[in-house]
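Structure record follows, encoded as structure tokens.
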Amino acid sequence: MTGVLHMGHALNNTIQDLLMRWRRMAGDVTEWICGTDHAGIATQAVVEKDLAAQGISRKELGREEFVRRVWEWREVYGGQIIAQLKRLGCTLDYDRERFTMDEGYARAVQRVFVDLYEKGHVYRDRYMVNWDPGLGSAISDLEVEERETTDKLISIAYPLTDGSGEIVVATVRPETMLGDTGVAVSPADDRYRDLIGKTITLPLVGRELPIVADEHVDPEFGTGALKVTPAHDPADFEIGRRHGLEAINVIGEDGRMTAEAGERYAGLTPAEASKAVVEDLREQGFLRAEEDYTHVVPFSHRSGARVEPLVSLQWFCDMTELAKPAIAAVEDERVRFHPATWGGVYLRWMNEIRPWCLSRQLWWGHQLPVWYRGEEVYVGLDAPEGEGWERDPDVLDTWFSSALWPFATLGWPDPTPELERFYPTQVLSTARDIIFLWVARMVMMGLEYMDDVPFSDVYIHSVVQAPDGRRMSKSLGTGVDPLELIDVHGADALRFGLLMMSSTQDVRFNEERVRQGRQLATKLWNAARLVIDRGGRSLSAAPEARTLADRWIASRVAAAIEESDELLGSFQLSRYAAGMYRLVFDDYCDWYLELLKAGEATPEMAGYVLEQLLALLHPATPFVTEECWARLPGSDGLMATHPPARAPGPRDPGAEDEFALLKEVVTALRAYRSAQDVPSRAELEVSIEADRAVPVSERALAALTRATLRDDPAPGARVVGVGFGRLLVHDPSADPDADRRRIEAAIAEAENELARARRQLANERFIERAPDHLVEAEREKERRYAAELEALRAELGSS
RNA sequence: GGGCAGUUAGCUCAGCGGGAGAGCGCCCGCUUCACACGCGGGAGGUCACUGGUUCAAUCCCAGUACUGCCCACCA
């Protein structure tokens, strides 16, 4: 990695650390290799730019010195990203740091190259490659991006050699006509049938070119005749191979016209040559038309330069045999993608995989283990014996070495204990843009060299976009710096915020989520202070639940533990985060701790539950949970190595139901208060009329809404409807108008609900076909709302 | 040219066959002795559109319209 930690790194590493901490707490032996790749192109570019600023060119320095400078640069900046990961709280194995240019790793890379050569997959060929003139190197198909561009489409007349006429062809790259070696027409095209086998004389050049028939040509497009430039167009290259046409390179690897282009054009840039060729054609009367034309054009993902397709002698790897087992591994789900749709993307690409151009004309990277002497080629781990051998100056595509990551970092090819213990791994977490570049290649290499998949689950996380929906990018100025967010809100906050944003689709970055994370951390901290102050501590065994609140929170914790395990296991990270947030704010703080303050819950349970909450949240927010844990009396060791959260007991539906009654009473009274403007400090007297026992405690009611219970309703009490009956509130000072409005609103709502229930029940097919419990629930609703309506109407009538 | 996603409250996003959810924002009220980075109460969505399946569709199917992404050798 060449740069500083960006948001994508922050998200990915937060996810990985979350999973690592989760499994570590669960008792798994975990290994998260800390390492970086040498990022050949990007790193070389950065160092070259540095040198350029000092007026030094790479060529002046020479290869050896340049590579030494890159290592120096790495000494300075290589550690930067690791320091930043530490700030994020990532628990990698920092002692076992690996780098793709380490000696042992480099040996593994060379070995694989040699082996693939010996097996016949790796070969050297003069073939059409994507040439990046900005970089001065070939790049792979995956490093090319298509951009829509408007060019001039030029029509040129090619006269038949026998003088019987002409063929008009069209091109957006007129300068390439200098390298034309044929003209192709569709075999189905009657217009040209008689011309097949004849020749034309190439304007400006004078070369005689055959007219061939090829299926690739679309008779509908333009004039239906295609100029063939095998050296500078991938399609033409294929046509050329089919018809034995020569490939003449008129554009060189330096991005300029070659001597082959002719004296007049040699040395010009293609753009200059294009102009000159058009001028010359015009003068000589061969130009037929010029029009704007919008199409997609390849650009280098690396340098941004327009890719120059040209024929070049490079090293390739044929992927078809390597892909077969890797396709099978995904088809039979030895490797599973999450979400599964990415498995389909992987398979579509793998099924049409093309040769991989491995060689790069760079200095920073793994130099090819290849030597030449005249026509001889030697491929091997060590330099060949004898005099006169010269080593290939090229290096390997960085992704070639990255593909070996899952086993090369563990010491392969030596049979190390680490390799034995940790291969295959379980989870690979990454963004989708790297599925082909890295994931697919790791699967292929893992199967080839370890005879097993490198990981069983691939989690493809969201791409975090800029807040305005554009790509987050430094050059666009849309980047948001994760380190600044850590400065402002803290690492826990950033981690939590990113988890909240992380789902299966792209999301816009939203700082509110990070703030939410900070609020959670603060809340947890304050809750811990309260609980510790009330005598909460770490206990070796679950305490007895002595109150309804105790039984209820114990049940809630049991449910939350089940839920969080399931969500983390299925990579539903934002749901896990949201669930934790509500557990802490709503259940624990707003209800349970309020009751603790009223003496309706026990400090033992409060302390025990706090410990479990810390354990549940620790994978997401390690810092605050560790800090709270250290302060909890009786705690021992680190939360990082604490066992997973344990429920104080099994789920308790009875307690949950009973507690729901309390909540309903409290919520209804609070709403009454708010609607009637009863100050929150004023005491309310209330009696409960219900069709069942409502064991609401006096103290709970007093603590949660300053209400006291009385056995009989006071005369003139106000009616508040609840699901199980009604509350009668003694409120002599109530404003009758406001109260009537409140009751009318309640009536309207009840009428609505009643009508809905009756409509459902009037549908015979619903009664017939819907599950019994749903029908029964509907009947229950009808009864309840009918009763409530009656009570409210009576109340309205009497007021 | 193919393929894959998405379209849910003002904003950013969850949910997904049985009466729409969160955070923020907005309105009203609270210096309640852990926390104003807080507490309580509210307002606010024909769940893009059109058909279909079903007792029941925001959720399943088909199509349409936008948006985003990936793949692709029509000059």
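Chain identifiers are assigned alphabetically (A, B, ...) following the order of the sequence lines, protein sequences preceding nucleic acid strands; residue numbering begins at 1 within each chain. FYI, side chains are in, hydrogens and waters are out, and symmetry mates aren't considered; it's all heavy atoms of this structure.
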Worksheet item: When we call it a touch if two heavy atoms are under 4.0 Å apart, what does A:T522 touch: a base, just sugar-phosphate, or nothing?
Response: base
Discussion item. Any base atoms under 4.0 Å from A:F337, or only sugar-phosphate, or nothing? Heavy atoms, all strands.
Written reply: nothing
Worksheet item: Is the shortest side-chain N to carboxylate O distance from A:E352 to A:R348 below 4.0 Å?
Response: no
Worksheet item: Which one, B:rG41, B:rA75, B:rC13, comes nearest to the side chain of A:S674?
Response: B:rG41
Practice prompt. Identify which nucleotide among B:rA72, B:rA34, B:rG40 has an atom closest to any side-chain atom of A:R529, counting heavy atoms from C-beta outward.
Written response: B:rA34
Discussion item. How many whole angstroms separate atom CG of A:D586 from atom C1' of B:rG38?
Written reply: 13 Å
Practice prompt. Apply side chain to side chain donor-acceptor pair (under 3.5 Å) to A:H301 and A:E145, showing your working.
Written response: CA-CA 6 Å; A:H301 204 73; A:E145 66 181 47; 2.6 Å; yes
Worksheet item: Separation of A:D151 atom CG from B:rA75 atom P, in whole Å?
Response: 10 Å
Worksheet entry | Name of the residue among A:W342, A:Y459, A:Y576 meeting ring pair (Phe, Tyr, Trp, His ring centres under 6.0 Å) with A:F571 | A:Y459
Worksheet item: What does A:A671 touch in the nucleic acid at a heavy-atom separation under 4.0 angstrom: a base, only the sugar-phosphate, or nothing?
Response: sugar-phosphate
Worksheet entry | Length of the CG-C1' vector between A:L310 and B:rC73, whole Å | 16 Å
Item to complete: If B:rG1 has a Watson-Crick or G-U wobble mate with both distances under 3.5 Å, name it; if not, just say none.
Response: B:rC71
Practice prompt. Answer with base, sugar-phosphate or nothing: what part of the nucleic acid does A:E238 contact at a heavy-atom distance below 4.0 Å?
Written response: nothing
Discussion item. What is the distance, to the nearest angstrom, from the CZ atom on A:R673 to the C1' atom on B:rG40?
Written reply: 10 Å
Worksheet item: Which part of the nucleic acid, if any, lies within contact of A:R348, taking any heavy atom under 4.0 Å across all strands shown: a base, the sugar-phosphate backbone alone, or nothing?
Response: sugar-phosphate
Worksheet item: With a 4.0 Å cut-off on heavy atoms, is A:V345 in touch with a base, just the backbone sugar-phosphate, or nothing at all?
Response: nothing
Worksheet, complete the sentence: Of the candidates B:rA5, B:rA14, B:rA72, the side chain of A:R354 sits closest to B:rA72
Item to complete: Please determine if A:R306 and A:E308 form a salt bridge, counting it only when a charged side-chain N lies under 4.0 Å from a carboxylate O.
Response: no
Discussion item. I want to verify a distance call: between B:rA72, B:rG23, B:rC69, whose nearest atom is closest to the A:Q516 side chain?
Written reply: B:rG23
Worksheet item: Starting at CD1 of A:I435 and ending at C1' of B:rC69, how long is that distance when rounded to a whole Å?
Response: 11 Å
Worksheet item: Base, sugar-phosphate, or nothing: which does A:F585 touch, judged by heavy atoms less than 4.0 Å apart?
Response: sugar-phosphate
Fill in: Candidates B:rC37, B:rC13, B:rC70 - which lies nearest the side chain of A:R518
B:rC37
Discussion item. For a quick check of understanding: with a heavy-atom distance under 4.0 Å over all strands, which category does A:R173 fall into, base, sugar-phosphate or nothing?
Written reply: nothing
Discussion item. By the 4.0 Å heavy-atom rule, please label A:H295 as base, sugar-phosphate, or nothing.
Written reply: sugar-phosphate
Item to complete: Could you work out the separation of B:rC49 and B:rC66 based on their C1' atoms and round it to a whole Å?
Response: 11 Å
Practice prompt. Could you please name the option among B:rA34, B:rU12, B:rA5 that lies closest to any side-chain atom of A:T341?
Written response: B:rA5
Fill in: Interatomic distance where CZ belongs to A:R575 and P belongs to B:rA22 [whole Å]
15 Å
Practice prompt. Give one of base, sugar-phosphate or nothing for A:T667, where a contact means two heavy atoms less than 4.0 Å apart.
Written response: sugar-phosphate
Worksheet entry | Electrostatic pair A:E512-A:R515, nearest N-O below 4.0 angstrom | yes
Worksheet item: Considering only B:rA34, B:rC13, B:rA75, which nucleotide approaches the side chain of A:V217 most closely?
Response: B:rA75
Worksheet item: Which one, B:rA34, B:rA14, B:rG68, comes nearest to the side chain of A:Q465?
Response: B:rG68
Worksheet item: Does a salt bridge link A:R765 with A:E768, judged by any charged N lying under 4.0 Å from a carboxylate O?
Response: no
Practice prompt. Please determine, for B:rU32, whether a Watson-Crick or G-U wobble partner exists with both distances under 3.5 Å, and give it or none.
Written response: none
Worksheet item: What nucleotide among B:rA75, B:rG23, B:rA34 has an atom nearest to a side-chain atom of A:D218?
Response: B:rA75
Worksheet item: Across the strands shown, which category fits A:T504 at heavy-atom distances under 4.0 angstrom: base, sugar-phosphate, nothing?
Response: nothing
Practice prompt. Assign A:R706 to base, sugar-phosphate, or nothing according to its heavy-atom contacts below 4.0 angstrom with the strands shown.
Written response: nothing
Response to the item:
Any strand, both distances under 3.5 Å, Watson-Crick or G-U wobble: B:rC60 pairs with B:rG52
Fill in: Complementary nucleotide of B:rG45, counting Watson-Crick and G-U pairs under 3.5 Å
none
Worksheet item: A:S680 has a side chain; which of B:rU32, B:rC35, B:rC39 sits nearest to it?
Response: B:rU32
Response to the item:
Taking a pair to mean Watson-Crick or G-U wobble geometry with both distances below 3.5 Å, B:rG10 pairs with B:rC24
Discussion item. If I pick the P atom on B:rC13 and the same atom on B:rA48, what distance separates them, to the nearest angstrom?
Written reply: 16 Å
Worksheet item: Does the side chain of A:E175 pick up a donor-acceptor pair with the side chain of A:H232 at under 3.5 Å?
Response: no
